[in-house]
Each structure stands twice: as C-alpha cells, then as structure tokens.
Amino acid sequence: MAIEIPSIPLGGWIEGGLDWLTSEYSIVTRGISRVTQTGIDGLNDALMWLPEWGLLAIIVGLCWWVANLRLGIGAALGLALIWNLGLWEPMIETLTLVVIATLVAVVIAIPVGIAAALSERLYKTIMPVLDFMQTMPAFVYLIPAIPFFGIGSVSAIFATVIFSMPPAIRFTTLGIRQVPTDLIEAADAYGATRSQKLIKVQLPMSLPTVMAGINQTIMLALSMVVIAAMIGADGLGSEVWRAIQRLRPGDGFEAGIAVVILAMLLDRVTQSLRKGRKT
C-alpha cells in the first residue's frame, strides 16, 4: 500500500505572511508608496521638461566627458534613433525607474556589503541569502510587490530594488576583503582607528570593485524594469508588453532596440567611471 506523505503548505504560509504584513504595515507601505511615486513623478517631469534635443545634447556631452568622443557619437546616434522611432517618452520613463531603483539599491547595498566585509559572522549569514535572491526567478519578485504597493511603477521599483541589490552587496564585500593585508597592517602601525582604515584605505582601494557591482546593479535594474511592465510599470517594457498582446512584432523589436541602446549607454558610462580615466 502506497504511503501518502502530506504536502507542506508552504504556499499557504507565504500567503498568510503577506496578508499579515500588508494589513499590519499598510500605513508604512502607503507612506513609502507616496514618497516613491512623488520621486518618480518629479524626476520624470524634470527630464520631460527638457526638449528632446536639449536632453540628447546633455547625455552626449556627459558620455564624451566621462568616456570618449566615440561613445558620445554612439550616444547621439542611438538616442536620435529612439527619438525618431517615437519612443523618447517611454525611454525617459524607463530611465527614471532605473535611476531611482539603482539609487535605493546602492544606498542599502553598500552599507550591508561593508558590514559583511568587516564581520565574519554576518558574511557567513548573508551569503546564502544572496545566493537565494540571485537564483530566484525574476518574475517571482513581482508577486509580493502587488499586495504591498498595488499595480504600477512603485511596485516595479520595489521588485527592482530587491532583484538588483545582490551584486552591489557582493562586490562591495569582495572589494573590501581583497584589500592587501600589508596595507591594513601599515594603517594599524600608524595607529589608524577602524573607521579611519575603512574610509582612508579600504574603501578607496576597493572602489573599482564596488563600481563594478554598481554596474551590474544597473544592468539588472534595467532588465527588471522591463519585466515589471507586467504589473503596470510604464516605459519601454510596457511597449514590449503591448506589442506582445497585440501581436505586433515590429513594435516589439523597436522597443527592444531602444532598451539595448539604453543598456549600452548606461554600461559604458559606468565602466568608464569605474576605470577612472578616458579610454
């Protein structure tokens, strides 16, 4: 006779936990939602206030100054194509979400990464959590965002921050832990305190690695913002999603090309900042 093993009601426990959190902390989530939506609207309105040619010129000049003339020319051609395709406003909306989500993720991730680098116990605790976060399918992060913040861009920011944080934490921890021991010993010999060693030795030496983590966070944020169109996020992702629903492959490819252009610009700019010199 077959033995029936009762299944663990894991899904029910998770749903119950989400229901409890949304009911007990609804005031907090509503406050976060209002502040986040205000930030999204403010940045989006500021970028949209500039004429297309004006913002294009600013971005091209920034790319030229941070990297080189070749990137500036590439930025001009890519942004001109997005403008020509009529995707300028969705591109701005996507850029707004990426910028805000990246800023929030970095503000959380860098202190956590520093703490994990300085505490072996925290390091051993947080690494399995990061493994779990990075192997979880991206779509799953959209599920808890909806009961907390509803449909829209705020939920997209929430899901994007959670999804994109792990690389920044990992690279910050890695960079600080890889600072040569002789430099730490030299700082100790000169009587440096723990905070002085961190600020004057460990953080400056680990900055290229930290910037690499921020670069990865930006790329993950961009990919998640596109996926978050499924829960009502505006931007290029909504253009792709709309093209899928209406079976318009041409429109979908146009929006996808715009995403690629934006991703390449963000990647090249952050890589140039990481190198700290023009290439």
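Positions are given from 1 along the sequence. Since this is a predicted model, take the numbers as computed values, not measurements.
- By the 4.5 Å side-chain criterion applied to Ile, Leu, Val, Met, Phe, Trp and Tyr, Met264 is assigned to a cluster that also includes Val260.
- With hydrogens and angles disregarded, no donor-acceptor distance shorter than 3.5 Å links the side chain of Ser119 to the backbone of Ala116.
- Taking CD1 from Ile108 and CD1 from Ile162, the interatomic distance works out to 6.5 Å, rounded to the nearest 0.5 Å.
- Residues Leu122 and Val210 are members of separate hydrophobic clusters, defined by side-chain heavy-atom contacts under 4.5 angstrom among Ile, Leu, Val, Met, Phe, Trp and Tyr.
- Counting heavy atoms from C-beta outward, Ile114 and Thr172 have side chains that approach closer than 4.5 Å.
- In this structure, Ile261 and Leu77 have side chains that are not in contact, with every pair of non-hydrogen atoms separated by 4.5 Å or more.
- Here the CD atom belonging to Gln37 is positioned 6.0 Å from the OG atom belonging to Ser153, to the nearest 0.5 angstrom.
- In this structure the side chain of Pro167 reaches within 4.5 angstrom of the side chain of Gln134, judged on heavy atoms.
- Looking at Met48 and Leu55, their side chains never come closer than 4.5 Å, going by heavy atoms from C-beta outward.
- The side-chain hydrogen bond (donor to acceptor under 3.5 Å, both in side chains) search around Thr181 returns none, not counting sequence neighbours.
- The ring-ring contact (aromatic ring centres under 6.0 Å, His included) check on Trp20 picks up Tyr25, with sequence neighbours excluded.
- How far CG of Leu97 is from CD of Glu93: 8.0 Å, rounded to the nearest 0.5 Å.
- Other residues, nucleotides and ligands contribute only 12 or fewer heavy atoms inside 6.0 Å of the CZ atom of Arg194.
- A pairwise comparison of heavy atoms in Ala243 and Gly252 identifies CB-N, 3.4 Å as the closest pair.
- Tracing side-chain contacts under 4.5 Å through hydrophobic residues (I, L, V, M, F, W, Y), one reaches Val269 starting from Val106; they form part of the same cluster.
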For side-chain contact (heavy atoms from CB on, under 4.5 Å), just list the numbers for Gln216 and Arg170, CA-CA rounded to whole Å, side-chain angles, deciding distance to a tenth of an Å, and then say yes or no. CA-CA 11 Å; Gln216 293 300 307; Arg170 283 188 185 277; over 6 Å; no

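- Rounding to the nearest 0.5 angstrom, the gap separating the CD1 atom in Ile126 from the CE atom in Met133 is 8.5 Å.
- The cluster map of Ile, Leu, Val, Met, Phe, Trp and Tyr, joined by side-chain heavy atoms under 4.5 Å apart, puts Ile58 and Leu71 in the same cluster.
- Arg248 and Glu254 are not joined by a salt bridge, as no carboxylate oxygen comes within less than 4.0 angstrom of a charged side-chain nitrogen.
- A donor-acceptor contact shorter than 3.5 Å is absent between the side chain of Thr160 and the backbone of Ala101.
- The shortest distance between side-chain heavy atoms of Leu183 and Lys197 does not fall below 4.5 Å.
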Could you please spell out the steps behind the side-chain contact (heavy atoms from CB on, under 4.5 Å) verdict for Ile73 and Trp64? CA-CA 8 Å; Ile73 295 173; Trp64 187 358; over 6 Å; no

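- In this structure, Gln245 has no side-chain hydrogen bond (donor to acceptor under 3.5 Å, both in side chains) partners at least two apart in sequence or on a different chain.
- Between Ile92 atom CD1 and Glu52 atom CD the span is 8.5 Å, to the nearest 0.5 Å.
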Stepwise side-chain contact (heavy atoms from CB on, under 4.5 Å) test for Ser155 and Leu142: CA-CA 7 Å; Ser155 292; Leu142 303 177; over 6 Å; no

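- Considering CG of Leu174 and OG of Ser206, their distance stands at 9.5 Å, rounded to 0.5 Å.
- Side-chain atoms of Met211 and Gln271, non-hydrogen and from C-beta on, never get closer than 4.5 Å to each other.
- Ring geometry for Phe158 against Phe148 counts as perpendicular: the plane angle is over 60°, on a 0 to 90° scale with 30° as the lower cut.
- Closest heavy-atom contact between Ala255 and Val240: CB-CG2, 3.6 Å.
- Scanning all heavy atoms of the two residues, the minimum distance from Met219 to Ala263 falls at CE-O, 3.5 Å.
- Formation of a donor-acceptor pair under 3.5 Å by the Thr217 side chain with backbone atoms of Ser164 is found in this model.
- Evaluated for a side chain to side chain contact (heavy atoms under 4.5 Å, CB included) with Ile157, the options Ile100, Thr96, Val98 yield exactly one hit, Ile100.
- The two residues Leu222 and Val259 come nearest to each other via the heavy atoms CD2-O, 4.0 Å.
- For the salt bridge (Lys or Arg N to Asp or Glu O under 4.0 Å) test, no residue two or more places apart in sequence or in another chain qualifies with Arg30.
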If you apply the rule side-chain contact (heavy atoms from CB on, under 4.5 Å), what do you find for Leu85 with Leu81, and how did you get there? CA-CA 6 Å; Leu85 294 174; Leu81 177 60; 4.1 Å; yes

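- Transitive grouping of hydrophobic side chains (ILVMFWY, heavy atoms separated by less than 4.5 Å) brings Trp49 and Leu47 into a common cluster.
- Side chain of Ser238 to main chain of Gly235: a donor-acceptor pair is present (N/O by atom type, distance under 3.5 Å, no hydrogens or angles).
- A pairwise comparison of heavy atoms in Leu265 and Cys63 identifies CD2-SG, 4.4 Å as the closest pair.
- Pairs passing the ring-ring contact (aromatic ring centres under 6.0 Å, His included) check and including a residue from residues 102-146, sequence neighbours excluded, read Tyr141-Phe163.
- Within the 4.5 Å cutoff, the side chain of Leu87 has heavy atoms near those of the Glu239 side chain.
- Ile184 places a side-chain heavy atom less than 4.5 Å from the side chain of Gln202.
- Under a hydrophobic clustering in which Ile, Leu, Val, Met, Phe, Trp and Tyr are joined whenever their side-chain heavy atoms come within less than 4.5 Å, directly or via other members, Ile40 and Val107 fall into different clusters.
- Minimum interatomic distance between Thr102 and Ala221 (heavy atoms only, all atoms of both residues): OG1-CB, 3.8 Å.
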